[in-house]
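Accompanying notes for the structure given below.
Ligands are counted one by one from 1 in listed order, and the atoms in each one are counted from 1 as well. This chain uses plain numbering: 1 for the first residue, then up along the sequence.
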Amino acid sequence: MIDRVGVVGLGYVGLPLACALASKLFKVIGLDTDLEKIELIKKGETPVYEEGLQELLKKVLEEGSLKLTSSYREMIEESDACFVCVGTPSNPDGSVDLRYVKETVEMISESLRWVDKYFLLIIRSTIPPGTTSNLIKSILEEKSGKKPRQYGLCFNPEFLREGRALHDIFNPDRIIIGAIDEKSKELLLDIYKRFHGESMPPVLITNPTNAELIKYASNVFLATKISFINMISQLCQRLPNADVKVVAEGIGMDKRIGREFLDAGLGWGGSCFPKDVKAFLKFGEEMGLCFKLVESIIEINESQIENAVKLAKELVGNLNGKKISILGLAFKPGTDDVRESRAIRLIEEFLKYGVEIKAHDPKALEKAKKILGNRVNYCKTVEECLTGSDLCILATEWPEYKKLNQETLKRHMRIPALLDCRRLYDPEEFREIKFAAIGLGPKEVRGP
Ligand code: UDX
């Protein structure tokens, strides 16, 4: 039984995991090589915004169940298993940059050389199928000098949504364990059994390669679902009286399809989908396969930006010199993360047309500034963002934007016009102003 665990890489995935494990009777030691980050976390501050994380971090620090370090030696001495949660960014060609995973496994393995104990290594970073059984296993054996059965190794993917990471750690749909041998599987399964207790989710036990592929296939499938509904949204825009929201509702009622991930909009962004979809395409190529389906979902995702620009032109005519207010910059609501944010892609596109951009976001202004710099005016309130503008575009569906009504738009804007790129609003409530939305067909009054 293992009750002392390490977590390496204290970012969006690792820090919530470390805090969650520490809150459930595990002794946790979190490691990050970024000393500033470690100092910040020691003070109870979270470098990433996650619902409930700050409170949980403070609690586990006070209880003494979470310790922090930047020393691999210390982490290995104070744990018997370790979850690797470091980033796997993209190379310029879209393939996966495994540098951080390799470095981490090397450092862990070198420290293991000096201790005479069984140690379980659990990889959570998203890596191409085959990486655990080949690259990671060989680094581990070479650098630690340990032989099979003197160590354990699993690939155990995470399916966390940003902003909801803690919720997803405590209530996962499933646990996938890709283990190299029986003992590794038993030990990791036992950690999860003690973590979840009575509410243990369904578990799939397999080899590391299948587990690695399950992670990619899940993300590519979800991105495909979104691109599919975005394709339908483009069709709806050409069909009088059609509405993609109703179509999504209707097809989603089929249990085999399901309603989730059928929200049409600007497309998928964030730290996972764009990176994983590209990596999967690249991986297929390396295997001698050309995934036309995956190429198409990327194309559809891109075309939703052009689609939004086209709708903006229909509402306000020539874009040059127009003032546009953008509501929402985060890649989705509930996070301050702007990585691959579709709102930012849209802004970049508008800037090419000589549009003046004012932008608002409840949480992501600081991070957006780092990308867009002084090319955009950042506003503290929605009203300030709307003032004097020719078009308001809802780009990220933060719940607080739902309050917006046509009176507010009329009061503040030069010309009241709204483009709903996330289908947050009821078109009926904006009848007195210019209104358009992704996936909404032109109005045509026919009939008796
Ligand atoms: C995703 C996966 O959901 C998660 O399982 C995986 O581990 C990491 O990637 P995340 O990136 O946090 O999580 O966000 P998610 O809520 O899945 O949204 C991803 C993107 O798709 C966002 O840009 C979102 O706006 C968009 N999206 C999502 C849609 O456009 N329509 C939908 O119906 C759902």
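Geometrically, Arg174 engages Phe159 in a cation-pi contact, judged by NZ or CZ lying under 6.0 Å from the ring centre and within 45° of the ring axis.
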ring-ring contact (aromatic ring centres under 6.0 Å, His included) assessment of Phe170 paired with Phe195: CA-CA 8 Å; Phe170 288 112; Phe195 182 80; 5.5 Å; yes
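Between Phe273 and ligand 1, not a single N/O pair is under 3.5 Å apart. For the pair Glu162 and ligand 1, the shortest N or O to N or O distance falls below 3.5 Å. An N or O contact shorter than 3.5 Å is missing between Glu397 and ligand 1 by distance. Not one N or O of Trp268 is nearer than 3.5 Å to an N or O of ligand 1, by distance alone. Ligand 1 has no N or O atom lying under 3.5 Å from any N or O atom of Ser271, backbone or side chain.
For Arg194 and Asp190, the salt-bridge test passes: some basic side-chain N is under 4.0 Å from an acidic carboxylate O. In this structure, Glu50 does not pair ionically with Arg164, as no charged nitrogen and carboxylate oxygen lie closer than 4.0 Å. Note on Arg375 versus Glu348: salt bridge recorded, some NZ/NE/NH1/NH2 to OD/OE distance being below 4.0 Å. We find that Lys245 and Asp243 are not joined by a salt bridge, their nearest charged nitrogen and carboxylate oxygen being 4.0 Å or further apart. Classification of Glu55 and Lys59 as a salt-bridged pair fails, no side-chain N sitting under 4.0 Å from a carboxylate O.
Looking at Ile229, Asn219, Val13, Leu160 and measuring to atom 7 (O) of ligand 1, the nearest heavy atom belongs to Leu160. By heavy-atom distance, the residue among Phe159, Tyr12, Phe331 lying nearest atom 11 (O) of ligand 1 is Phe331.
Distance from atom 17 (O) of ligand 1 to its nearest protein heavy atom, with residue and atom name: Phe261 CZ, 3.2 Å. The nearest heavy-atom contact from the protein to atom 23 (O) of ligand 1 is Gly269 N, 2.9 Å. Given atom 8 (C) of ligand 1, the protein heavy atom at minimum distance is Cys272 SG, 3.2 Å. Protein heavy atom at the shortest distance from atom 3 (O) of ligand 1 is Arg161 CG, 3.6 Å. The shortest contact between atom 16 (O) of ligand 1 and any protein heavy atom is with Lys332 NZ, 3.3 Å. Ile226 CD1, 3.4 Å is the protein heavy atom nearest to atom 27 (N) of ligand 1.
Side-chain atoms of Thr104 come within 3.5 Å of backbone atoms of Tyr100 as a donor-acceptor pair (strictly under, hydrogens ignored). Looking at Thr46, its side chain never comes within 3.5 Å of a backbone N or O of Tyr49 through a donor-acceptor pair. A donor-acceptor pair under 3.5 Å links the side-chain atoms of Glu212 to the main chain of Thr132, judged by distance alone. Without hydrogens or angle criteria, Thr396 side chain to Trp398 main chain gives no donor-acceptor distance under 3.5 Å.
Among all heavy-atom pairs drawn from Ile257 and Lys225, the shortest one is O-NZ, 3.0 Å.
Atoms of ligand 1 found under 4.0 Å from any heavy atom of Glu158, numbered from 1 in the order shown, are 7 (O). For ligand 1, the atoms sitting less than 4.0 Å from at least one non-hydrogen atom of Leu262 are 33 (O), numbered in the order shown with element in parentheses.
The side chain of Arg422, and not its backbone, has at least one atom closer than 4.0 Å to an atom of ligand 1 (non-hydrogen atoms only; side chain from C-beta on). Residue contacts with ligand 1 for Arg259 are absent, since no atom lies close enough (heavy atoms, distance under 4.0 Å). Counting heavy atoms closer than 4.0 Å to ligand 1, residue Thr396 contributes nothing at all. Residue Asp263 touches ligand 1 through backbone and side chain together, judged by heavy-atom distances below 4.0 Å.
Each of Leu222, Val277, Ile300 was checked for a side chain to side chain contact (heavy atoms under 4.5 Å, CB included) with Trp268, and the lone residue meeting it is Val277.
Residue contacts with ligand 1: Lys215 is included, with a non-hydrogen atom under 4.0 Å away. Taking 4.0 Å as the cut-off, Gly267 counts as a neighbour of ligand 1 on heavy-atom distance.
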